[in-house]
Amino acid sequence: MDEQTRLMHSHSGVGMAGHPGLPQHMQEGTGGSDGDGRKQDIGDILQQIMTITDQSLDEAQARKHALNCHRMKPALFNVLCEIKEKTVLSIRGAQEEEPPDPQLMRLDNMLLAEGVAGPEKGGGSAAAAAAAAASGGGSGPENSTEHSDYRTKLTQIRQIYHTELEKYEQACNEFTTHVMNLLREQSRTRPISPKEIERMVNIIHRKFSSIQMQLKQSTCEAVMILRSRFLDARRKRRNFNKQATEILNEYFYSHLSNPYPSEEAKEELGKKCAITVAQVSNWFGNKRIRYKKNIGKFQEEANMYAARTAVNATNASSHGSQANSPSTPNSAGGYPSPCYQSDRRIQ
DNA sequence: ATACATGATTGAAT
DNA sequence: ATTCAATCATGTAT
């Protein structure tokens, strides 16, 4: 009850509490028709309204009671009802049914998909599964710690999100009941239709849901940052093992005149190196551009691989079948540089 | 701590 | 769709 009264006071005093001297100014400003008793009355009333916030609650309570018991009160109420009936039509037109906000739906869907908005435990495992799926299928075993890390962070976000959401929900309900009580209280002194209360509640809910949307927005952002932090492949790059690099380099330098492996060749290389075709493509893309950019730097490497393939070829042809023995790092000495053939070279 | 190496991503060009 | 070129973010050697 106390809080209701306080709300009421702040309501009536809103925007005016800072101008306690206003009535006097108005009196002076209107040209000072001294003998006019009505003006004097209005000034008094205003003065009372202005100072109402300064009064103690008991005093205010007493005044309210006095107002309610005033002999003119029923008449005044009727007048207000009449005025209301005339103006209520214009209010009625102002209500519109709001369609579900597409952006809010988008955020909700995303939070659901990330397992933030869903049920507690199930949501977590679903999110982990999604993360596992998103991290790129093939390579497996050593990222379990990363995933648990990711999961704990996601759980933290979810907890914060839920507590905040609950807080907002609670605040919204509290505020709504406050306002409804206040309106009910006020309906004793002025006419308030249930529709108006409903409208007010709707307005409050809209405000709070817009706040919730901000929460959802920032939660989504946090999840996106977390995602990129943990699931961006660049952040957990691992160099290929030596063997894979050897195989790739071997192919590259033995096809230096046209270092563009076909799809099948890429598949084969990927198989041999235990990497994906996309990774093979990446490797060749990087290798081509970097080789072209600085041929001199790669000269030694080129010589080495040329020598090795030459030795392998020699071995294969003369000694029959001693196919791949990559442990012959012949010195890069006396072999002719594997210059570009006149074939399709790197642009 | 620093510079260089390297795998992945991105946007433009083809 | 593939490749190039630039760039990012990390790995590695000094």
Side-chain angles (χ1 to χ4, degrees), chain A residues 110 113-114 127-154 156-157 220-309 326-327 329-332 337-347:
Chain A
M110 184 182 153
E114 296 295 336
S135 81
S139 59
E142 53 90 29
N143 48 18
S144 61
T145 55
E146 298 224 356
H147 279 170
S148 75
D149 209 7
Y150 174 83
R151 207 156 41 215
T152 51
K153 288 260 162 65
L154 193 68
Q156 283 172 18
I157 290 179
C220 275
E221 277 168 27
V223 170
M224 290 312 281
I225 290 168
L226 186 69
R227 242 182 183 293
S228 69
R229 184 90 190 85
F230 279 85
L231 301 179
D232 186 351
R234 274 188 298 202
R235 294 188 183 269
K236 53 177 186 191
R237 180 178 71 78
R238 299 281 176 275
N239 291 348
F240 299 153
N241 61 42
K242 232 173 178 125
Q243 208 175 344
T245 314
E246 301 243 326
I247 292 165
L248 293 166
N249 271 318
E250 217 165 283
Y251 187 99
F252 179 79
Y253 286 111
S254 63
H255 298 74
L256 202 50
S257 57
N258 185 31
Y260 295 86
S262 65
E263 191 61 27
E264 297 86 60
K266 282 179 188 172
E267 277 172 29
E268 176 101 12
L269 286 166
K271 219 174 181 181
K272 275 203 268 188
C273 301
I275 58 178
T276 67
V277 173
Q279 285 177 304
V280 175
S281 295
N282 283 338
W283 191 90
F284 272 89
N286 283 321
K287 190 73 184 179
R288 280 192 298 263
I289 193 67
R290 282 163 184 164
Y291 182 84
K292 192 191 83 170
K293 245 181 172 170
N294 191 353
I295 296 178
K297 196 172 73 179
F298 290 92
Q299 197 64 64
E300 202 178 332
E301 192 178 66
N303 288 338
M304 192 181 83
Y305 280 100
R308 188 180 304 180
T309 51
S327 54
N330 225 331
S331 83
S337 309
C339 288
Y340 284 129
Q341 262 78 26
S342 55
D343 206 355
R344 252 161 307 176
R345 59 181 57 183
I346 301 176
Q347 295 168 350

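When reading the values below, keep in mind they use all heavy atoms of this one structure, side chains included, and skip hydrogens, waters and symmetry mates. Note that this is a predicted model, so its numbers are computed, not measured.
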Inset, instruction - Please check if the side chain of A:Arg288 supplies one atom and the backbone of A:Pro259 the other of a donor-acceptor pair under 3.5 Å. - result: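 It does hold such a pair.
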
Legend entry - With A:Ser254 via side chain to side chain donor-acceptor pair (under 3.5 Å) - residues at least two apart: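 With neighbours one apart ignored, the set is empty.
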
Is the phosphate of [N] approached by [X] (side-chain N or O, under 4.0 Å from OP1 or OP2)?
X	N	value
A:Lys266	C:dT2	no
A:Arg238	B:dG7	no
A:Gln279	B:dA8	yes
A:Tyr260	C:dC4	yes

Once you round it to whole Å, what is the distance between [atom2] of [N] and [atom1] of [X]?
X	N	atom1	atom2	answer
A:Asn282	C:dT3	CG	P	11 Å
A:Lys293	C:dC4	NZ	C1'	10 Å
A:Asn294	C:dA5	CG	C1'	16 Å
A:Phe284	B:dA8	CZ	P	14 Å

Inset, instruction - Would you mind telling me which residue lines up with the more 5' stretch of DNA chain C, A:Ser281 or A:Asn286, judged by nearest nucleotide? - result: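 Looking at the nearest nucleotide for each, A:Ser281 comes out on the 5' side.
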
Legend entry - Plane angle bin for A:Trp283 and A:Phe252 - parallel if under 30°, tilted between 30 and 60°, otherwise perpendicular: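 Perpendicular, since the angle between the ring planes exceeds 60°.
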
Inset, instruction - On the 0 to 90° scale, with breaks at 30° and 60°, tag the A:Tyr253-A:Tyr305 ring pair as parallel, tilted or perpendicular. - result: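 Ring orientation of A:Tyr253 relative to A:Tyr305: parallel.
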
Between the protein and nucleotides 2-6 of chain B, are there any N/O to N/O pairs under 3.5 Å, and if so, what are the atom names and distances?
unit_1, atom_1, unit_2, atom_2, d
B:dT6, O2, A:Arg237, NE, 3.1
B:dT6, O2, A:Arg237, NH1, 3.2
B:dT6, O2, A:Arg237, NH2, 2.9

Inset, instruction - Measure across A:Ile247 and A:Lys272 and return the closest heavy-atom pair with its distance rounded to 0.1 Å. - result: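 Heavy atoms of A:Ile247 and A:Lys272 come nearest at CD1-O, 3.9 Å.
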
Inset, instruction - Only counting residues at least two apart or in another chain, list the ones meeting salt bridge (Lys or Arg N to Asp or Glu O under 4.0 Å) with A:Glu301. - result: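 Once residues adjacent in sequence are excluded, the partners of A:Glu301 under the salt bridge (Lys or Arg N to Asp or Glu O under 4.0 Å) criterion are A:Lys287.
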
Inset, instruction - Among the candidates B:dA8, C:dT3, C:dA5, find the nucleotide nearest to the side-chain atoms of A:Ile289. - result: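 For the A:Ile289 side chain, the nearest candidate turns out to be C:dA5.
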
